[in-house]
Amino acid sequence: DSVIRVNSQSGKGGIAYLMETEHGIVMPRRLQVEFSGIVQQHTDTHGGEVSADDIWRLFSGAYLESTAPLRYREHHLFEHGSAQGIRLKVDIDGTTHILVGEGNGPINAAVHALQNAGIAVQVRSYEERSMAPSCEGGNAQACAFMEIAGGERGECYGVGIDGNIVTASLKALVSGVNRLGIGRLDQAEQIYRDTLAIQIEAKSAHSETFGTRNNLAMLLMLPVFPLLFAAYLPGRIKTAMKHPMLVAVKIWALAHLLAN
């Protein structure tokens, strides 16, 4: 069995070599760096040497087997004018959802579908390579590598393997989301954002209401001063109202209540 000693000098190259020769996976350079850190953590705990099988178990556990918080189920593509649409069936924290999104391709559409569920990520880079058929006579499979970013959560790679290149790409996207740990916390963040939006909308409505009441108060103040003067000067206003000062005070009080 192939064994390598992981250290700062030869670790990354040895890991990449075993992944390619033993499993047919040619990792992008930045993924080599990322995965070597995972292997390094393992060797720090269990010893300085790892076999090809150990490396595969670590790779599979980190990139291929994670189903939380997001689990891929299936997808269906459709055309909507010039846009590519997708219906993406996934489990989010154990609950099945059917997400719909559109974009300039399947990956972009899937990213928009996830955004509709409060899972916001960006695709930084994407590579796809073909894996050789297995010795048991299986067909060649596609291996998709996707580097994604999740805002303050940083960046990481997701990996997907499937006989269908689109499915492999979607699995890589889901893998990256899980490695970033996006899911339940992002739903809580979405609830916070929704609550904040409601508060802002309420404040805006209050501001509009206050502005309307303030304008009405200003209009009510227009006759106040003429009525006050009319109380001391003979004329039609004093004859018609008898107590114009009292009317002026009542109007002023009403305007004051509206404005406050």
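Just so you know, residue 1 is the first one in the sequence shown, and it goes up from there.
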| How would you list, by chain and number, every residue that makes a side chain to side chain contact (heavy atoms under 4.5 Å, CB included) with Glu127, sequence neighbours excluded? | Pro28, Arg129, Phe145
Quick one: pull up [atom1] in [X] and [atom2] in [Y] and give me the separation to the nearest 0.5 Å.
{"X": "Glu65", "Y": "Phe59", "atom1": "CD", "atom2": "CZ", "result": "11.0 Å"}
{"X": "Trp56", "Y": "His23", "atom1": "CH2", "atom2": "NE2", "result": "6.0 Å"}
{"X": "Ile25", "Y": "Ile55", "atom1": "CD1", "atom2": "CD1", "result": "11.5 Å"}

| field | ring pair (Phe, Tyr, Trp, His ring centres under 6.0 Å) partners of Tyr72, counting only residues at least two apart | value | none
| said: Which residues pass the ring pair (Phe, Tyr, Trp, His ring centres under 6.0 Å) test with His75, not counting sequence neighbours? | reply: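 By the ring pair (Phe, Tyr, Trp, His ring centres under 6.0 Å) rule, His75 matches no residue at all.
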With a 3.5 Å distance limit and no angle check, can you tell me whether [X] reaches the backbone of [Y] through a side-chain donor-acceptor pair?
{"X": "Glu22", "Y": "Asp53", "answer": "no"}
{"X": "Ser36", "Y": "Val33", "answer": "yes"}
{"X": "Asn164", "Y": "Thr167", "answer": "yes"}
{"X": "Gln32", "Y": "Met27", "answer": "yes"}

| request: Decide yes or no for Leu31 and Val159: does some side-chain heavy atom of the first lie under 4.5 Å from some side-chain heavy atom of the second? | output: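 In short, these two side chains touch, coming nearer than 4.5 Å.
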| For residues 161-177, which residue pairs qualify under salt bridge (Lys or Arg N to Asp or Glu O under 4.0 Å), counting only residues two or more places apart or in two chains? |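 Only Asp162-Lys171 qualify under salt bridge (Lys or Arg N to Asp or Glu O under 4.0 Å).
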| said: Quick test of your reading: applying salt bridge (Lys or Arg N to Asp or Glu O under 4.0 Å), list the pairs with at least one residue in residues 217-231, sequence neighbours left out, ordered by first then second residue. | reply: none
| task | May I ask you to establish whether Arg179 and Tyr63 are in a cation-pi arrangement, using a distance under 6.0 Å from NZ or CZ to the six-membered ring centre and at most 45° from the ring axis? | result | yes
| Is it true that atom CD1 of Ile98 has more than 12 heavy atoms of other residues, nucleotides or ligands lying nearer than 6.0 Å? |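 No - once you tally the heavy atoms of other residues, nucleotides and ligands closer than 6.0 Å, there are 12 at most.
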| Taking only residues two or more places apart in sequence or in another chain, which ones pass salt bridge (charged side-chain N to carboxylate O under 4.0 Å, His left out) with Arg87? |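 Residues passing salt bridge (charged side-chain N to carboxylate O under 4.0 Å, His left out) with Arg87: none at all.
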